[in-house]
Amino acid sequence: MTLSGALVFTGNNLKTTAKRKMSKKTLVKLVFAINLFALLVEFGKCQKRSFVVNYDDDTFSKDGKPFRYISGSIHYSRVPKGYWDDRLKKMYAAGLNAIQVYVPWNFHERTPGRYTFEDDADLVGFLQKANDTGLLVILRPGPYICADWEMGGLPSWLLKDGTIKLRTMDTAYIQAVDRWMAVLLPKIKPLLYSNGGPIISVQVENEYGSYDACDHDYIRYLKNLFENAWGEDAVVLFTTDGPGNKMLQCGSLQGLYTTVDFGPGGDGTSQFNWMRKFQPHGPLVNSEFYPGWFDHWGMNHSKVAADKVTFTLDKMLAAGASVNMYMFEGGTNFGYWSGANSGYNPQTTSYDYDAPLTEAGDPTDKLMAIRSVIKKYAKVPDIPMPPATQKLAYGQTQLTAYGSLYDVLDKLTPYGPIKTDYPITMEAMQQNFGYMMYRTTIAITVKNTTLLDIPGIKDQGYIIINKVPMGIVNRNKPTGLNVTVSKGDILDIVVGNQGRINYGSLIADMKGIISNVTLGGTILKGLEIYSLQLDEFVSNIKPKSVLGFAITRPRHQEQLSVPTLYTGTMPDLPPDITQPRDTFLKMSGWTKGQAFINGFNLGRYWPARGPQITLYVPATILKPKDNVIVLFELETAPCNTASSCTVDFIDRAILNATVPSKH
Ligand SMILES: *[C@@H]1O[C@H](CO)[C@@H](O)[C@H](O)[C@H]1NC(C)=O
Ligand SMILES: *[C@@H]1O[C@H](CO)[C@@H](O)[C@H](O)[C@H]1NC(C)=O
Ligand SMILES: *[C@@H]1O[C@H](CO)[C@@H](O)[C@H](O)[C@H]1NC(C)=O
Ligand SMILES: *[C@@H]1O[C@H](CO)[C@@H](O)[C@H](O)[C@H]1NC(C)=O
Ligand SMILES: *[C@@H]1O[C@H](CO)[C@@H](O)[C@H](O)[C@H]1NC(C)=O
Ligand SMILES: *[C@@H]1O[C@H](CO)[C@@H](O)[C@H](O)[C@H]1NC(C)=O
């Protein structure tokens, strides 16, 4: 504004001094030319958006002025697209000026060389919406992201031949990274801040110092890859690592801005001192400040007290730091997207995270407390916090057994089994997620009760002999089961993938059965391996078309039955409500499996393990009526014992049930 004002003034000056010498026509032309020039300068100024690190003043600098971000993490892959707007508006109203976003590679390239950027994977649409909302973006495009997400965002097909060295300069790995980045990086380029978009900084890899490879050539390679795609100073590139010597040494690199991550507790001084050892100048940055934490199946629900969060946040903001809260909106690990930690500890479907916005995007007291702290240091928009979305307790509904695994095996495996002598992995079968079945006919004579051992079981296996369920094996032991078999019996092992490890040195977490199976010490030979195409099959189920079979009743004392599909229809909306609303599917009484509504995979359920009991059902997947529920129950349905098979739709989440002590 000031610049163009000055030019207009000069124009007026010219007008007065030139009055006598110029004709009126020339004058008009000149004034027009000058005004055009002023416009072009104004335009040029708009284009000269800049976001850089100011090392002299220990701050970021945005368009030449000191700047710090107060940001929150949200992952588009964990929030239905129809709710992106709602969540972003709430984050803006909370006083944030930026969001931090991971790009999960495996969400976009599910088959090698085939890319998905539609619907919930519309990355550019999401970033555009953030910009429209008035939020800047800190982008974390990986390739590895951790994120408590299946395999830390790496596609499982990388493990197909089992030899790849992930997150290193390994040729096979780098070739796959190159191909993906050649698709991703051009999409990002126009959205960089300097190009008129919201992205102020881009993280290279993720907490690389926590990975034992410590391959600086690899981090340098990624740095060059980003710079070649966008230009050398197009955006601030940075790394994030835990505050410790080994982590910062292996994770940071000359030319990339070093930041740290840590949760609430102290005042942040000791952690920022670690950052200063590796990044002597520039702004203090906590790239992941944890206002909550995620859950594992079989462990207590995580809670982080709001006052603990606000105490540390206040101290960091007082110290002038830029802070990103991880997560601000956690969302849901729909489908098979939840990850696992070594141990082996799989994460729950809900990624509520005890975050300031709940899994369903509702503002919490913690959010309001955080907003009050932000208010002390920054201008918070003078708008009301958008309210929680309306929830509806649709009520109870009856489910019917649709068919057992055996009833629909031909439909679940339209191409039939693969025949092989010894087990091959899920990845070698070119299957990413879900369930498989390994079958063999016992060809040896063994003692009456014999140990069937499956040390390579990933992750849980159901042992079924002649279609009768015998028991469960698990990678967390026991991997074996004493069975009674005779020559000629058909042994089936149904295997469930519970999510690949997303953190640490064991992320090459292959699934299925990854080593030989022995019976009484003898290696079993001659297998048929079935990839169960559950999602494709379920999306075609109509609830009325029940097959009407008799459930194979359990013989085992654990009341196991063979994996079975159940279907039903959600209760109708009450007459005074016309549009679907968010609801929660309460799985009490069921044991373990996968839940779908209208073919949308809501995720894994495991109420027998806890602490998560309800699955979030976003209104975006519901119709006004005839919503089809399908459950794939692996172990025991409520109607196996006595009562009928029902589920409830309630209006609040239950994520904190107590868990059985033996886990
Ligand atoms: C992003 O928003 C700003 C205004 O805050 C606007 O100037 C810019 O053109 C927008 N960029 C895109 C890519 O929409
Ligand atoms: C979960 O919390 C309860 C109550 O605080 C406690 O008794 C129990 O030991 C905890 N269980 C686990 C597995 O940590
Ligand atoms: C194996 O055990 C079952 C019951 O435990 C018994 O009925 C059967 O006779 C036994 N068979 C042999 C060959 O020992
Ligand atoms: C199988 O039976 C043997 C002998 O009774 C026992 O020592 C072993 O613990 C059993 N194994 C499993 C996995 O139950
Ligand atoms: C299974 O055993 C066979 C025969 O000993 C061997 O050739 C094969 O490599 C083994 N497979 C695995 C996955 O260990
Ligand atoms: C779970 O959370 C609810 C709501 O905060 C609370 O009322 C309930 O007591 C909690 N249950 C357990 C088992 O901690």
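As the structure lists them, so they are numbered: ligands from 1, and atoms in each ligand from 1. Numbering starts at 1 and runs along the sequence shown.
- Aromatic ring centres of His75 and Tyr326: separated by under 6.0 Å.
- With a 4.0 Å cut-off on non-hydrogen atoms, Ile523 touches ligand 5 through its side chain and not its backbone.
- Judged purely by distance below 3.5 Å, without hydrogens or angles, the side chains of Arg68 and Thr59 never pair a donor atom with an acceptor atom.
- Residues Phe51 and Phe67 bring their aromatic ring centres within 6.0 Å.
- The distance criterion of under 3.5 Å between nitrogen or oxygen atoms is met by Asn516 with respect to ligand 5.
- With Trp230 as the aromatic partner, Lys189 does not meet the cation-pi criteria of under 6.0 angstrom to the ring centre and within 45 degrees of the ring axis.
- Residue pairs meeting the side chain to side chain donor-acceptor pair (under 3.5 Å) criterion with at least one partner in residues 92-105, sequence neighbours excluded, are Ser73-Gln100, Gln100-Arg140, Gln100-Asn324, Tyr102-Arg140, Tyr102-Asn206, Tyr102-Glu288, Trp105-Glu109.
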For each nitrogen or oxygen atom of ligand 1, which protein N/O atoms lie closer than 3.5 Å, and how far apart are they, rounded to 0.1 Å?
from     : atom 1 : to     : atom 2 : distance (Å)
ligand 1 : 2 (O)  : Asn131 : OD1    : 3.3
ligand 1 : 2 (O)  : Asn131 : ND2    : 2.4
ligand 1 : 11 (N) : Asn131 : ND2    : 2.8
ligand 1 : 11 (N) : Gly196 : O      : 2.7
ligand 1 : 14 (O) : Gln128 : NE2    : 2.8
ligand 1 : 14 (O) : Asn131 : ND2    : 3.2

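- Aromatic ring centres of Tyr257 and Phe238 lie farther apart than the 6.0 Å criterion allows.
- Side-chain atoms of Ser302 and Asp295 include a donor-acceptor pair closer than 3.5 Å.
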